[in-house]
Amino acid sequence: MSLAPPAESLFDLSAAHRAIRDEASRVAAEFAPRAHEIRRHLIEHSEMHPQLWRVFRENGWCAYTPGSTEDGGLLAAAVVLAAFAEQGIVLWMPVLSTAIAHAIAVVGPDSARATWLPLVAAGKIHLGMAATEPDSGHNLFAARTEIRRVEGGFVVRGLKRVTSGLDVVERVLVFGRAFEGDRANGYTTLLVDPRAPGVTVTEIPMRFREGVRQFQLELDDVAVPEDALVGREGGGLFALWPFTDVERVLTAALCVGSADYAVRSAVVRAKERVVAGGVPIGVHQAVSHPLARLTARLAATRLLVHRAAARLDAGAADTDVAADANAAKVLAADLAFDAADHAVQVFGADAWDERNGWLDHYLDARLSRSGPVSNEFALNYLAEHALGLSAHR
Ligand SMILES: Cc1cc2nc3c(=O)[nH]c(=O)nc-3n(C[C@H](O)[C@H](O)[C@H](O)COP(=O)(O)OP(=O)(O)OC[C@H]3O[C@@H](n4cnc5c(N)ncnc54)[C@H](O)[C@@H]3O)c2cc1C
């Protein structure tokens with residue numbers, strides 16, 4: 001009797017996930033010639049490209065959250081988003097909405113689950129995240145946004161920067177805390193309406209990184225109703241951890257897809273372009289070896305992304321998957337950047353012609369090293385939790 005488990009179950013997608021991926025790849029290839037139009041539509045009209053998004057909704061591709069395994073779960077979300085990124089269509093808003101939906105699913109309350117999860121799953125709304133602040137940056141433990149308890153709800157005061165997609169979202173998850181004098185109490189997360197009185201939204205010119213508009217969010221004593229609370233008052237970190245795991249896994253999926261797109265595009269170019277000696281540039285190992293190395297990294301990184309997503313789907317605790325999620329994010333962000341960098345090299349001067357899209361691709365790939373979590377902070381997590389090295393905060 002062989003003790004070897006079927007290789008497919010360990011190292012490949014199930015037949016159901018392969019079917020989801022194949023259908024997403026087929027549809028993404030149809031939309032690929034319109035990648036630029038899809039990106040511009042969100043920026044110019046503050047909504048997802050209607051035809052593309054209708055296909056997402058009809059296929060149930062907005063409904064994948066960890067553990068929803070009868071639909072496909074987070075692994076399905078990862079393969080769908082990667083399939084589109086492989087065709088040059090990088091969709092950032094579903095990453096945020098899926099990650100926040102997961103946080104709501106984990107920490108509740110039931111009223112928030114009942115209100116928001118069906119809307120996200122149906123693709124009717126998007127959700128945004130406002131954690132980062134200008135003074136404390138990545139160190140969310142030092143957030144200064146104040147959430148004050150009042151009769152019937154809360155009052156929020158603070159400044160958040162950078163916040164993505166505020167022109168598109170129905171609600172933004174604001175991370176803040178209560179203060180008593182100088183003493184800070186527990187963290188709290190609230191779903192705030194970005195159009196509420198007291199909210200000032202100012203666009204930051206970032207050349208539409210991630211294909212969305214970027215903003216500063218100023219909250220000037222904004223009255224927020226009781227039912228905006230996600231999780232429990234003072235328990236905001238319990239909402240943040242599930243959010244970050246899913247955000248990291250799906251960011252990594254986008255990076256893998258985007259790296260795949262860069263490598264395949266560069267290979268086509270390397271086979272076609274002849275500048276000297278009557279041979280295509282791809283015969284030179286200076287061109288081909290980086291592409292081969294990137295292909296090897298792609299195979300390994302994709303496996304890790306799938307494993308992290310599959311573990312969350314199988315019910316592993318967010319804290320148990322966090323090391324995989326952080327490792328996947330670091331490897332995928334470096335991979336996306338190196339792939340974009342080599343693609344720019346292979347395309348030569350054509351890469352710098354803005355009409356060809358490589359400058360956006362390159363800058364977005366570069367951004368993935370700094371956000372949504374910087375690679376240093378993801379490595380800090382691994383140093384502290386996987387290696388037991390103390391972290392300096
Ligand atoms: C286009 C864009 C979109 C964004 N969207 C959102 C959003 O929707 N919601 C949101 O909340 N935030 C968002 N951000 C914020 C993003 O997550 C921040 O850029 C990130 O938190 C870094 O914060 P900071 O820019 O203040 O850098 P800092 O925190 O000042 O850090 C600067 C650098 O120092 C490094 N560093 C700092 N401390 C340490 C340490 N202890 N160990 C090692 N390295 C360290 C960091 O890794 C980083 O490389 C967005 C940013 C950008 C650019």
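Both ligands and their constituent atoms are indexed starting at 1 by order of listing.
The two residues A351 and W358 have their closest heavy-atom pair at O-CB, 3.5 Å.
Interface atoms of ligand 1 facing N380, defined by a heavy-atom separation under 4.0 Å, are 40 (C), 41 (N), 42 (N), 43 (C). Under a 4.0 Å criterion applied to the non-hydrogen atoms of L367, ligand 1 contributes the atoms 1 (C), 53 (C). Taking every non-hydrogen atom of A131 and a distance limit under 4.0 Å, the qualifying atoms of ligand 1 come out as 10 (C), 11 (O). Interface atoms of ligand 1 facing M129, defined by a heavy-atom separation under 4.0 Å, are 7 (C), 8 (O), 9 (N), 10 (C), 11 (O). Near H138, meaning under 4.0 Å from one of its heavy atoms, ligand 1 places the atoms 17 (O), 20 (C), 21 (O), 22 (C), 23 (O), 29 (O). For ligand 1, the atoms lying closer than 4.0 Å to a non-hydrogen atom of F377 are 36 (N), 37 (C), 38 (N), 39 (C), 40 (C), 45 (C), 47 (O). Within ligand 1, the atoms closer than 4.0 Å to a non-hydrogen atom of T163 are 7 (C), 8 (O), numbered from 1 in the order shown.
Between the choices S374, S368, A383, G128, the shortest heavy-atom distance to atom 46 (C) of ligand 1 belongs to S374. When the heavy atoms of T132, L217, L379, V174 are ranked by distance to atom 18 (C) of ligand 1, first place goes to T132.
Heavy-atom neighbours of H36 NE2 from other residues, nucleotides or ligands within 6.0 Å: at or below the threshold of 12.
Interatomic distance, OG of S370 versus CG of N375, reported as 7.5 Å (0.5 Å rounding).
Relative to the ring axis of F208, R39 does not place its NZ or CZ within 45° and under 6.0 Å from the centre.
At a 3.5 angstrom cut-off on N or O pairs, E376 counts as close to ligand 1. For ligand 1, the polar-atom distance check against L96 finds no nitrogen or oxygen pair separated by under 3.5 Å. Checked against a 3.5 angstrom limit, the closest N/O atoms of S136 and ligand 1 fall outside it.
Look at R144 and D135 and you find no salt bridge, because none of the NZ, NE, NH1 or NH2 atoms lies under 4.0 Å from a carboxylate O. Salt bridge present: D338 and R369 bring a charged side-chain N and a carboxylate O closer than 4.0 Å. Between R297 and D334 there is no salt bridge, since none of the side-chain N atoms of the basic residue sits less than 4.0 Å from a carboxylate O of the acidic one.
Under the 4.5 Å side-chain contact rule for hydrophobic residues, F337 and V305 do not share a cluster.
Using a 4.0 Å heavy-atom cutoff, P372 is listed among the residues neighbouring ligand 1.
A donor-acceptor pair is defined here as one N or O able to donate and one able to accept, closer than 3.5 Å; such a pair exists between the side chain of R195 and the backbone of E170.
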